[in-house]
Structures are given as structure tokens and as C-alpha cells.
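Only one structure is covered here, and it is reproduced in the block below.
All values below come from the heavy atoms of this structure, side chains included, with hydrogens, waters and symmetry mates left out.
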Amino acid sequence: MTNQENQTYIKLKKLLNNSYAEYSKFKTAAILKTDKGEFCGVNVENSSSGATVCAERNAIFNAITNGSKKFIEINLISNSKLLNIVPCGMCLQVMTEFFKSNTIVNVYNINGKITQYKFCDLLPYAFTKKELKANR
């Protein structure tokens, strides 16, 4: 692990403490690197599961709220001991709106093991603006 990756891991692990995962106990945290700095997010659950928001979307919405729309990479962690936890389908669809196909998605497990993906590898057949424009 590089020094940069180690610093990101430490920040992510600390950020996990802010997660509100009262129901699933599956805590997640995200740090989105943008042209305007880093934006954080954690998952926030609700007794009505549909009202739950994932860490990735919270980080993306936080960045947009603060005027950033150029995303460089996203770093994720969960409290799971599994190595290959990836964003859920809803988060991947939101990422489709804002990420380039080669945007880096770094996933850390709780022990610091990192797996790196390109966004296009996680959602190779995304529904995008092109499909909506083609229907007009």
C-alpha cells in the first residue's frame, strides 16, 4: 500500500464511525476526490429501507451540493471482512451520470486490503443519457 493509499484508508476507517447502520450493521464510508477537493459520505439507514442512502451517493451529492461535477476517483470502505465489496446497483447508476468510464473506484476492506476497478468494469452496460436522447 502506498503512503497515499494508507492515508486514505485511515481517513475512511475513521469516517466509518459516522455511519448510521442501525438495522443492517453494514457500515460504509466513501471519499470522493474531485477537482474541488475531497467530499465524504457514509451510509444512513432508515427503518423504511427505501429511505436509506449509501455512502457513495452521499459523497456524490455532497460534492454536487458544493459545486463540483468533475470526479477523479472514489474510495470506499465497509466494515466487512470480505475483499470485494462493490457499490450497489443504485449507486452505480448514479455514478453513470457523473463518472467517466475510466474513473477509478478503490475498494478497501476493513483490514486495508485494496482492490481497484475502473468504473466501466463495474457497470459495462450502463443506462445513460444516450438512451434517452435516442428515444426522442
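- Although no hydrogens or angles enter the test, the distance criterion places no donor-acceptor pair under 3.5 Å between the side chain of Gln7 and the main chain of Gln4.
- Transitive grouping of hydrophobic side chains (ILVMFWY, heavy atoms separated by less than 4.5 Å) keeps Ile64 and Val53 in distinct clusters.
- The line from OG of Ser80 to CG of Asn111 is 9.5 Å long, rounded to the nearest 0.5 Å.
- No donor-acceptor pair closer than 3.5 Å links the side chain of Lys27 to the backbone N or O of Tyr20.
- Using modelled atom types, no side-chain atom of Glu97 and backbone atom of Val94 make a donor-acceptor pair closer than 3.5 Å.
- Checked against Lys33 for a side chain to side chain contact (heavy atoms under 4.5 Å, CB included), the options Thr8, Ile104, Thr103 give a single hit: Thr8.
- Distance check: Ile10 CD1 to Tyr108 OH gives 10.0 Å after rounding to the nearest 0.5 Å.
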Problem set entry | Ile110/Leu16 under side chain to side chain contact (heavy atoms under 4.5 Å, CB included): CA gap, chis, key distance, verdict | CA-CA 10 Å; Ile110 196 65; Leu16 269 179; 3.6 Å; yes
Exercise. Step by step, would you call Asn109 with Lys81 a side chain to side chain contact (heavy atoms under 4.5 Å, CB included)?
Worked result: CA-CA 6 Å; Asn109 79 343; Lys81 291 181 175 69; 5.6 Å; no
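- Looking at residues two or more places apart in sequence or on another chain, you find a ring pair (Phe, Tyr, Trp, His ring centres under 6.0 Å) between Phe119 and Phe99.
- Residue Met1 places its CE atom among more than 12 non-hydrogen atoms of other residues, nucleotides or ligands, all under 6.0 Å distant.
- Listed for the Asn46 side chain is no donor-acceptor partner under 3.5 Å among the backbone atoms of Ser49.
- Between Lys70 and Thr34 the shortest side-chain heavy-atom distance does not fall below 4.5 Å.
- To the nearest 0.5 Å, atom CD1 of residue Ile72 and atom CD of residue Glu38 are 9.5 Å apart.
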For this session: Could you walk me through whether Arg57 and Met95 pass the side chain to side chain contact (heavy atoms under 4.5 Å, CB included) test, one step at a time?
Result: CA-CA 8 Å; Arg57 285 182 283 140; Met95 290 174 181; over 6 Å; no
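- Rounded to the nearest 0.5 Å, atoms OG (Ser68) and CG (Asp35) are 4.0 Å apart.
- No donor-acceptor contact under 3.5 angstrom links the side chains of Thr52 and Asn43, judged on distance only.
- For Asn66 (side chain) and Ala63 (main-chain N/O), no donor-acceptor pair under 3.5 Å exists by modelled atom type.
- Looking only at side-chain heavy atoms (C-beta outward), Leu122 and Val105 come within less than 4.5 Å of each other.
- Side-chain heavy atoms closer than 4.5 Å link hydrophobic residues (I, L, V, M, F, W, Y) into clusters, and following such links, even through other members, never connects Ile31 to Phe39.
- Note that the CZ atom of Phe26 and the OG atom of Ser78 stand 4.0 Å from one another [nearest 0.5 Å].
- No donor-acceptor contact under 3.5 angstrom links the side chains of Asn58 and Glu56, judged on distance only.
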For this session: May I have the step-by-step check of side chain to side chain contact (heavy atoms under 4.5 Å, CB included) for Phe98 and Ile60, ending in yes or no?
Result: CA-CA 9 Å; Phe98 302 104; Ile60 291 167; 3.9 Å; yes
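- Side-chain polar atoms of Glu45 and Ser24 form a donor-acceptor pair below 3.5 angstrom.
- Between the side chain of Thr96 and the main chain of Leu92, a donor-acceptor pair closer than 3.5 Å is present.
- Annotation: side chain of Cys88 is in contact with side chain of Cys54 (closest heavy-atom distance under 4.5 Å).
- The structure places CG of Leu12 at 8.0 Å from SG of Cys40, a figure rounded to the nearest 0.5 Å.
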For this session: Quick one: do Asn75 and Glu73 satisfy side chain to side chain donor-acceptor pair (under 3.5 Å)? Show the steps, please.
Result: CA-CA 7 Å; Asn75 297 279; Glu73 76 177 32; 3.1 Å; yes
